[in-house]
Every structure is written in structure tokens, then in C-alpha cells.
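Structure, as C-alpha cells:
Read the numbers this way: they start at 1 and go in the same order the structure lists the ligands and their atoms. Both backbone and side-chain heavy atoms feed into the values below; hydrogens, waters and symmetry mates do not.
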Amino acid sequence: MTNSVLSCAFILFLMPGFVSEAVSAEHQVLMLDSNDSAQMVFEPSLLRVAVGDTVTFIPTDWGHNAESIAGLSPQGSTSFYGKMDEPITITLEKEGVYAVQCNPHSLMGMVAVIVAGAATNLEKIRADSSLMNKDYRMKGERLQALFAQISKGT
Ligand SMILES: [Cu+2]
């Protein structure tokens with residue numbers, strides 16, 4: 001009896017999901033009308049996490065959501081669409097750079113960038129997002145500024 005309980009515990013410990021749940025960290029990003037540096041802004045707007053960590057977007061001020069930007073996330077990652085004025089928690093399951101926007105303020109550049117592990121897709125995502133610049137000037141500018149911070153390693 002004791003032996004079978006022990007071996008069950010051991011098998012659970014060996015399961016990758018169990019291990020990553022046990023060590024994954026939880027992060028929070030606030031959705032704000034303004035902070036010291038900008039209007040309509042995620043805080044922080046650049047976040048470095050480990051693969052398997054979770055990030056919760058908190059509707060601190062009214063009128064915001066958080067959603068993935070199509071095409072600007074690691075290959076094979078799951079897109080997400082948070083509801084207005086509701087928190088949403090995502091798990092960063094793939095390594096790489098994720099770009100996030102607030103839908104109603106995307107044209108005003110309300111974007112955030114999350115790096116899970118290494119920024120393996122940085123050059124691709126940078127190139128793809130630069131195609132948006134002519135249509136979404138502020139969004140493109142803020143994204144490029146955040147990507148530049150990643151490549152400088154700050
Ligand atoms: Cu917003």
C-alpha cells in the first residue's frame with residue numbers, strides 16, 4: 001500500500017506538466033488610461049518571463065482589453081482575445097516574443113510585448129510588424145521601440 005502511494009507520487013513528479021506548474025511564476029500587467037510615460041498604456045509594456053509562466057492582464061482603468069496581435073507571436077502559440085474590462089490570464093507555452101494590443105486603443109499604440117525565454121522569433125516579428133507601420137503608425141512605432149529594447153537586452 002505504502003509502496004503504491006509512493007510510486008504514484010513519483011510518477012506525478014516526473015510528469016512535465018506537474019513540474020512546470022510547480023515552478024511557473026505569475027505576472028501581472030495593468031491596463032491603464034495613462035502612466036508617467038504615455039497615454040493608453042500597458043504597465044509594464046515589456047515583460048520578460050520564463051516559458052510556462054502565466055501573465056494576467058488587469059483592467060485597472062475602464063475601456064481596455066488585451067488580445068494577441070495576429071501573426072506577431074511564436075509559431076504554434078495560441079491566440080487570445082480578452083473581453084473588455086475583464087481580466088484575462090494567458091500561459092506562455094512557446095518560447096519567443098509575443099505582441100499584445102488593446103483592441104479599442106490599438107491605433108493609439110496601446111501595445112505590450114512579452115518575451116518568454118529567449119527572443120527566438122524577434123527578427124521575424126520585427127519584420128512582420130514593420131509592414132503595419134504605414135497603416136498603424138503609433139502602434140508600429142511603439143512596437144518597434146519595444147523590440148529595440150529587447151535586442152539591446154534592457
Ligand atoms: Cu485600451
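Counting heavy atoms from C-beta on, the side chains of W62 and D33 never come closer than 4.5 Å.
Counting all heavy atoms, side chain and backbone alike, G63 lies closest to C102 at O-SG, 4.4 Å.
Protein N/O/S atoms found under 2.8 Å from the Cu ion (ligand 1): H64 ND1, C102 SG, H105 ND1, M110 SD.
Considering L47, L92, T56 as possible partners of H27, the one that fulfils the side chain to side chain contact (heavy atoms under 4.5 Å, CB included) test is L47. Screening L46, V29, I90, V97 for a side chain to side chain contact (heavy atoms under 4.5 Å, CB included) with I114, the sole residue that qualifies is I90.
A side-chain donor from one of Q101 and K139 sits under 3.5 Å from a side-chain acceptor of the other.
When atom types are taken as modelled, the side chain of E93 and the backbone of S77 share no donor-acceptor pair closer than 3.5 angstrom.
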